[in-house]
Amino acid sequence: MHHDDGTDLPAAARSAAGGVLGGTDALARSLERWAADALVDEAARQRTRQRWLRVQAEEEASTIGALVDLAERGRPVVLDVGEHRVRGAIVGVGADFLALRSERDQDVLVRTEAVEVVRAEPGGRAVIGDRTVLVEVALDAVVGPLAADRPEVLIRTRSGQVVRGELRSAGTDVVRLRSDGDPPAPVWIPLAAVAVLVLQP
């Protein structure tokens with residue numbers, strides 16, 4: 001998978017992505033690339049900018065504000081998403097999603113609205129990188145660029161269903177996977193139903 005180093009990104013995209021995370025954090029670089037790709041679409045930029053400004057205005061009293069604080073303190077977290085738990089370090093915060101590096105070194109995207117409980121874990125491994133990347137794009141805007149690389153993913157829906165397969169495409173409100181199986185079969189999942197998306201190593 002190719003990752004841009006950020007030096008040739010448009011200035012607006014670099015600003016939206018919040019700069020390059022220190023070290024060699026591939027997920028952080030991917031977040032910046034996804035943000036840059038999404039911001040090419042002017043309509044998406046205007047739609048997400050208003051949402052992100054609201055988040056910033058309410059930061060001190062919001063879930064996002066608490067998560068950003070945990071991330072900046074380098075605290076590992078446990079997120080309860082329905083009956084499922086995600087453990088790891090927050091390395092990116094979007095308009096309506098979190099990007100984590102899991103205990104298993106997987107890159108995980110979690111829809112913020114699907115998170116029911118947030119716990120800070122005592123001790124644990126430090127966050128990879130120097131700071132959290134803040135991007136003003138929403139989850140639906142980053143899944144499209146992500147699909148271009150056709151990664152193997154695991155998607156957990158809000159109701160707890162789990163689908164594994166190759167991410168083939170993403171439309172305005174749906175993602176399409178080539179599911180695992182013999183033979184493989186296409187599967188469509190509404191984007192609004194996606195709670196957790198795990199990029200398989």
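Computed over heavy atoms, backbone and side chain alike; hydrogens, waters and symmetry mates excluded. Position 1 is the first residue of the sequence; numbering continues from there.
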Verdict with supporting geometry, V153 and V175, side chain to side chain contact (heavy atoms under 4.5 Å, CB included): CA-CA 12 Å; V153 301; V175 294; over 6 Å; no
Under the side chain to side chain contact (heavy atoms under 4.5 Å, CB included) criterion, do L167 and L199 qualify, and how do the steps go? CA-CA 10 Å; L167 183 60; L199 287 97; over 6 Å; no
Between D173 and D140, does the side chain to side chain contact (heavy atoms under 4.5 Å, CB included) criterion hold? Intermediate values first, please. CA-CA 7 Å; D173 62 358; D140 58 357; over 6 Å; no
Show, in sequence, the C-alpha distance, side-chain angles and deciding distance for L139 and L197, and conclude whether the side chain to side chain contact (heavy atoms under 4.5 Å, CB included) test is met. CA-CA 10 Å; L139 182 62; L197 188 153; 5.9 Å; no
N/O donor-acceptor pairs under 3.5 Å from side chains in residues 81-95, not counting sequence neighbours:
from	atom 1	to	atom 2	distance (Å)
H84	ND1	R156	NH2	3.4
R85	NE	D80	OD1	2.9
R87	NE	E121	OE2	3.3

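Of the options I155, V187, D180, L177, a side-chain contact (heavy atoms from CB on, under 4.5 Å) to R164 is made by D180 and by none of the others. A side-chain contact (heavy atoms from CB on, under 4.5 Å) with F97 is found for one member of L109, V115, V108 and no other, namely L109.
In the hydrophobic clustering of ILVMFWY residues, with side-chain heavy atoms under 4.5 Å counting as a link, V162 and V196 come out together. The hydrophobic cluster containing V174 does not contain V163, counting ILVMFWY residues as joined when their side-chain heavy atoms lie under 4.5 angstrom apart, directly or transitively.
Side chains of L98 and L79 form a contact here, defined as non-hydrogen atoms less than 4.5 Å apart.
In this view, R158 and E113 satisfy the salt bridge (charged side-chain N to carboxylate O under 4.0 Å, His left out) rule, not counting sequence neighbours.
A distance-only check finds no donor-acceptor pair linking the side chain of S179 to the backbone of G165 [under 3.5 Å].
Nearest heavy atom pair, residue R111 against residue L191, reads NH2-O, 2.5 Å.
Shown here is Q200, whose CD atom has more than 12 heavy atoms of other residues, nucleotides or ligands within 6.0 Å.
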